[in-house]
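Everything on this sheet refers to the single structure shown next.
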Amino acid sequence: PVGVRTAGLTHAQGLLFVAAHGKGLVALDLLAGPPEDGPDSPPYGPFALVSPPELKDAWDVQRFDNKRLVVADGAAGIKLLSLATAGGKAPIVVGTVQVAGVAAFLDVSESDVAVGALNGGLHLLHMDATGNLLLQGSVAGSDLVFGVELHPHYLFAENGGHVLTVRRPT
């Protein structure tokens, strides 16, 4: 989007979802077909969805599965969105988890979500069998926690010029 700072993005159900600071979440239609403006034009159509009103400051978005997205929504924490209403309507918020700090960076692996939070450290969320995201644990870092990565046995975070490494719970 023009004039908006963007961060993370992901695709699901023929849409490209873009986290837009201060605006929430926007989506571009990837199924609109090739543009008529020529081969150098972007391969997507106009904005397909508006952001759910609950999203205020999206920093990152990751696809949890084909029907759900996870959004790092700044100081408002982590939002779980359902895409069941896609097709011209905004996804709906079906869950919220508050974490310390400003939720800014995400990585998803199977049923786990790693969250890097500015001024809040590294957090691990897990989706239980009923579809609820639950906070499993947190590790304090410096105020400069940036990118996060889930590994089968570890969580990694870029932490103010250092790599913070934490063994994942079993």
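All values below were derived from every heavy atom in this structure, side-chain atoms included, with hydrogens, water molecules and symmetry-related copies excluded.
A donor-acceptor pair under 3.5 Å is absent between the side-chain atoms of N132 and the main chain of G95, judged by distance alone. Proximity of a side-chain donor or acceptor of Q13 to a complementary backbone N or O of K67 within less than 3.5 Å is not detected.
Atom CD of E110 has 12 or fewer heavy atoms from other residues, nucleotides or ligands within 6.0 Å. For H162, the NE2 atom sits in a loose shell: 12 or fewer heavy atoms of surrounding residues, nucleotides or ligands are nearer than 6.0 Å.
Side-chain contact check for D112 versus R168: some heavy-atom pair is nearer than 4.5 Å. Taking 4.5 Å as the limit, some side-chain heavy atom of L81 sits within range of a side-chain heavy atom of L55. Using a 4.5 Å cut-off on side-chain heavy atoms (C-beta onward), M127 and L80 make contact. Taking the side chain as every heavy atom from C-beta outward, F64 and V113 approach each other to under 4.5 Å. Side-chain contact check for L106 versus I78: some heavy-atom pair is nearer than 4.5 Å. Contact check for L150 versus L124: side-chain heavy atoms found under the 4.5 Å cut-off. Within the 4.5 Å cutoff, the side chain of L83 has heavy atoms near those of the L69 side chain. In this structure the side chain of W59 reaches within 4.5 angstrom of the side chain of L118, judged on heavy atoms.
Across all their heavy atoms, S82 and R68 have their closest contact at CA-CG, 4.5 Å. Closest approach of F105 to V145, counting heavy atoms only: CE1-O, 3.6 Å. Taking both residues in full, the closest heavy atoms of R63 and A12 are given as CD-CB, 3.8 Å, listed atom of the first, atom of the second, then distance. Listed here is the closest heavy atom pair of V71 and A58: CG1-CB, 3.8 Å. The minimum heavy-atom distance between A103 and V115, with the atom names listed, is CB-CG1, 4.1 Å. Scanning all heavy atoms of the two residues, the minimum distance from A76 to K79 falls at CB-NZ, 3.4 Å.
Hydrophobic clustering (side-chain heavy atoms under 4.5 Å, transitive across Ile, Leu, Val, Met, Phe, Trp, Tyr) groups Y154 together with V163. By the rule that hydrophobic residues join a cluster once side-chain heavy atoms approach within less than 4.5 Å of another member, V99 and L134 end up as members of separate clusters. F156 and L122 fall into different hydrophobic clusters, defined by Ile, Leu, Val, Met, Phe, Trp and Tyr side-chain heavy atoms under 4.5 Å apart, directly or through other members.
Here the straight-line distance linking atom NE2 of H151 with atom CG of D107 works out to 12.0 Å at 0.5 Å rounding. Of the inter-residue distances, the one linking L25 atom CG with K56 atom NZ reads 13.0 Å to the nearest 0.5 angstrom. Rounding to the nearest 0.5 Å places NE2 of H126 at 12.5 Å from CG of L135. Taking OG1 of T10 as the reference point, atom CG of L15 lies at 11.0 Å (rounded to 0.5 Å).
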